[in-house]
Novice: 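Here it is: the structure, laid out below.
So you know, we letter chains A, B, ... as the sequences are listed, proteins then strands, and number each from 1. It should be emphasised that the depicted structure is a prediction, and the values quoted were computed from it without experimental measurement.
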Amino acid sequence: MKIASVIVDVPAKQTDRAFDYLIPTEWLETIQPGMRVIVPFGPRKIQGFVTEIKADSEFKKLREIIEPMDLEPVLNRELLDLGNWLTINTLCFKIYAYQAMLPAALKAKYEKKVKLSTGVKLNQLPAQLQEVFKNQEAIQWDDALENGLVPILQREAAKGLLEVLYIVKEKLKKKKLKYVIPLLSSGDLETASNGLPQKAEKQKEVLKYFVEHSDPVELRQLLSHLNISSSTVKALVEKGFIAEQDMEVYRDPYEKRTFTRTEPLLLTEDQQRAMVPILGSIENKRHEVFLLYGVTGSGKTEIYLQTIQDVIEKGKEAIVLVPEIALTPQMVNRFKGRFGNLVAVLHSGLSAGEKYDEWRKIQRKEVKVVVGARSAIFAPFENLGIIIIDEEHETSYKQEEMPRYHARDVAIERARNNNCPVVLGSATPALESFARAQKGVYTLLSLPNRMNKRALPAVEIVDMREELRAGNRSMFSRKLFDLLKERIERKEQSVLFLNKRGHSSFVMCRDCGYVMNCPNCDISLTYHKVKDQMKCHYCGFESWVPNQCPECASDYIRYFGTGTQKVEEELGKILPEAKVIRMDVDTTGQKGAHERLLKEFHEGKADILLGTQMIAKGLDFPNITLVGVLSADTMLHLPDFRSSEKTFQLLTQVSGRAGRHELPGEVIIQTYTPEHYSIELAGTQDFDRFYHREMMMRKAHHYPPFYYLSLITISHEELMTVVSATEKIAAFVRSRLSNHAVVLGPAASPIPRINNRYRYHCLIKYKREPELNKTLKAILDQYQSDPKSGLLVSIDVNPFILM
DNA sequence: AGCACGCCGACT
DNA sequence: GTCGGCGTGCTC
């Protein structure tokens with residue numbers, strides 16, 4: 001057993017397979033599957049993942065592994081297999097699958113340098129290079145490239161005077177602090193202290209400290225605590241009484257916060273009824289998927305907490321997925337409050353180092369629960385007892401880059417491997433999930449009542465066309481204005497929600513209607529306040545804001561503020577006495593700003609919280625009695641078959657923010673299409689009726705959950721080339737699938753050009769096509785192995801965004 | 001993805 | 001003759 005199969009860190013079609021390496025004798029005991037290693041690959045050194053250890057190889061001329069990068073595997077057996085599963089199901093390279101499972105800090109960084117070969121004297125080099133190597137042993141390849149030194153360096157390297165170095169680096173170091181530990185027992189330390197010269201007072205003090213405390217202590221703390229300098233410590237180290245040691249410490253983002261310990265709450269009858277089957281599944285180690293369908297405020301979180309409690313008592317572990325946007329301090333508090341430091345938290349707000357440290361806690365089995373966004377589904381637990389996905393309908397569970405996985409699918413796969421249940425929780429389940437529950441594929445658990453038996457807030461839908469007819473041209477209906485005024489007088493709080501889409505900040509000429517578009521992409525440029533520039537979201541193109549219209553030279557060209565900004569201005573005019581907190585990308589940019597603003601609002605420092613998507617979730621403050629949705633239908637008209645579903649979910653979600661506590665709540669939804677069923681039914685919070693209406697639509701148009709989708713997107717610099725390639729691909733797919741499948745296309749992508757590349761796509765709708773995966777793989781194989789055609793093909797199995 | 005190797009045209 | 005352009009194919 002001295003050969004390792006390694007997946008190398010080269011994302012390409014031709015290297016998407018295992019390469020075999022000899023394990024050097026000194027590492028025979030160390031190297032195991034799941035470890036990262038440094039291997040020679042051609043002339044370079046690169047990172048790789050060991051997937052298997054075996055006795056022999058087909059390949060004759062094996063090279064040796066250079067060294068392991070880990071002391072213990074970073075991927076366990078289950079995750080290695082899961083990586084394989086991901087590769088097959090999302091059609092991605094194996095290396096992408098493995099990298100997606102690890103914190104970014106573990107991704108390798110490569111350096112290429114040139115140095116003088118050993119034994120070579122400086123004066124053997126040409127004068128120009130002598131100058132370069134006079135002050136440094138090695139130079140960075142990139143620097144040489146910039147200074148045009150590469151040809152001459154290569155010439156000397158060919159003669160053997162210079163050597164090219166390839167270095168694989170860890171992106172991030174473990175954070176280490178210097179600690180001091182006593183090397184003798186406290187009795188011996190006392191003796192040692194007595195043996196010191198009289199005048200070594202400081203040293204005696206240190207030893208006295210260790211007589212009293214035998215635990216390691218951080219050097220810095222010791223120095224300041226005893227008011228001594230490091231030379232004192234050094235002297236004692238030299239005498240062999242104590243030692244300095246580097247110890248790994250965690251960057252704990254929640255270090256400074258204290259969590260109030262909470263106890264399990266008494267469950268309502270509904271909650272108990274819902275919990276029994278989950279506990280049964282845990283008890284019998286049975287894989288089962290539960291859909292926990294409960295209105296907002298019905299106490300889903302308490303069920304999560306108590307089932308996790310049970311899992312922990314059985315010595316197992318739990319993963320809780322929460323949408324990124326809902327990973328608020330409130331949410332974290334609930335878990336940390338119940339399980340203390342048995343909880344690790346993973347979300348994008350953490351620095352790379354903090355994320356790595358939280359991950360290390362999981363890997364070292366120091367925690368039992370991980371609460372995190374999408375990628376937390378890959379937490380390296382070995383004995384999973386439950387996986388919970390809160391707000392399971394959230395689109396952020398789908399990753400849009402490779403590997404294009406949906407956390408729900410991965411969760412079910414992992415739970416199957418671990419024989420444990422999955423709980424999908426939502427007040428507005430995804431249609432796919434609810435349909436599966438109806439069919440009995442998932443077990444449906446309902447929580448139809450709010451915990452406090454409080455009625456859902458009264459929702460009123462306001463027709464903005466009526467307002468316009470009545471001469472009200474403001475963005476606030478008279479009703480909403482009256483209610484806002486009333487809240488301010490009653491010292492209650494309101495939340496105003498603005499659907500960002502459709503209100504993005506673009507520049508438009510008021511005279512001719514000219515909109516500033518990106519020259520490379522067919523999409524309008526977005527105004528960025530911070531830099532006072534126009535920027536393209538897709539290719540990064542930047543431009544100054546014109547003060548004259550380039551089309552008609554009108555001066556009446558202006559940008560339409562970020563929506564929220566505009567609303568804030570208008571609020572200032574009509575309700576000058578109101579204190580407003582605005583939350584959007586602009587005001588929550590800095591770290592901690594999000595939390596700070598919410599805290600201010602919670603403390604009653606403002607009357608109105610105005611914001612975008614980000615305030616739709618998790619907000620749970622007792623004093624909120626009014627929620628206003630300024631324009632409910634902005635996302636309804638997007639070219640997306642899920643737009644009705646998303647609108648319904650969002651409106652229901654937002655409505656749930658009002659009247660969660662003592663005071664009753666009211667909701668105003670402003671819209672131009674009050675007759676649309678997703679708005680009308682969100683008004684009555686009637687998921688069941690919405691479900692039936694929407695299912696009819698989906699059935700009629702052959703969309704999920706009746707059909708599965710796969711989307712092939714093809715791009716090229718030349719329009720004609722894309723069209724013909726897409727035609728060819730569509731024809732190929734048609735020829736390989738049954739006639740139950742529907743193959744749409746070629747059609748221009750909703751964003752027809754990005755970064756000067758035209759984009760066409762082909763949408764496949766199907767029910768059961770055993771040949772599909774092979775067909776798609778074949779398409780990728782052909783186009784990925786032929787990069788010179790300039791065609792880029794990307795495939796998304798079960799896409800969420802059809803763009 | 002890099003990188004070497006190899007074959008062709010343009011230059012000292 | 002040789003330098004350097006990029007097309008081709010390989011990396012255990």
Novice: With a 4.0 Å cutoff (strictly under), does any side-chain N or O of Tyr166(A) reach OP1 or OP2 of dC3(B)?
Specialist: yes

Novice: Distance only, no hydrogens: is a donor on one side chain within 3.5 Å (strictly under) of an acceptor on the other, for Glu324(A) and Ser348(A)?
Specialist: yes

Novice: Which heavy atom of Arg404(A) sits nearest to which heavy atom of Ile795(A), and what is that distance?
Specialist: NH1-O, 3.5 Å

Novice: Measure CD1/Ile46(A) against P/dG2(B) and give the value in whole Å, please.
Specialist: 10 Å

Novice: Along DNA chain C, 5' to 3', what are the outermost nucleotides having an atom less than 4.0 Å from a heavy atom of chain A?
Specialist: dT8(C) to dC12(C)

Novice: Please tabulate, for side-chain N and O atoms in residues 149-163 of chain A, each donor-acceptor pair with protein atoms closer than 3.5 Å (sequence neighbours left out).
Specialist:
{"unit_1": "Glu156(A)", "atom_1": "OE1", "unit_2": "Lys159(A)", "atom_2": "NZ", "d": "3.2"}
{"unit_1": "Glu156(A)", "atom_1": "OE2", "unit_2": "Lys159(A)", "atom_2": "NZ", "d": "3.1"}

Novice: Categorize Lys112(A) for me: base, sugar-phosphate, or nothing, with a 4.0 angstrom heavy-atom threshold over every strand shown.
Specialist: sugar-phosphate

Novice: For DNA chain C, whose closest nucleotide is more 5', that of Lys788(A) or that of Pro151(A)?
Specialist: Pro151(A)

Novice: What contact category does Arg155(A) fall into here, base, sugar-phosphate, or nothing, at under 4.0 angstrom with non-hydrogen atoms?
Specialist: nothing

Novice: Using a distance-only criterion (donor-acceptor N/O pair, under 3.5 Å, no hydrogens), is the base of dA1(B) paired with the side chain of Arg44(A)?
Specialist: yes

Novice: Under 4.0 Å, heavy atoms only, any strand: does Gln14(A) hit a base, just the sugar-phosphate, or nothing?
Specialist: base

Novice: Under 6.0 Å from the six-membered ring centre of Phe19(A) and within 45° of its axis: does the NZ or CZ of Arg17(A) meet both?
Specialist: yes

Novice: Rounding to a whole Å, what distance do you find between Leu145(A):CG and dC3(B):C1'?
Specialist: 14 Å

Novice: For Lys60(A), answer base if it contacts any base atom (sugar-phosphate contacts may also be present), sugar-phosphate if it contacts only those atoms, and nothing otherwise; contact means non-hydrogen atoms under 4.0 Å.
Specialist: nothing

Novice: Taking all heavy atoms of Gly745(A) and all of Ala730(A), pick out the closest pair and write down the distance.
Specialist: O-CB, 4.1 Å

Novice: Send over the distance from Phe41(A) CZ to dA4(B) P, rounded to a whole Å.
Specialist: 14 Å

Novice: Ile95(A) CD1 to dA1(B) C1': how many Å, rounded?
Specialist: 12 Å

Novice: Rounding to an integer number of Å, can you tell me how far Tyr110(A) OH sits from dG2(B) P?
Specialist: 9 Å

Novice: If you take all heavy atoms of Glu382(A) and Glu317(A), which pair is closest and at what distance?
Specialist: N-OE1, 3.4 Å

Novice: Is the Phe641(A) to Tyr707(A) ring centre distance short of 6.0 Å?
Specialist: no

Novice: Check the distance between dA1(B)'s P and Asp16(A)'s CG and give it to me in whole angstrom.
Specialist: 12 Å

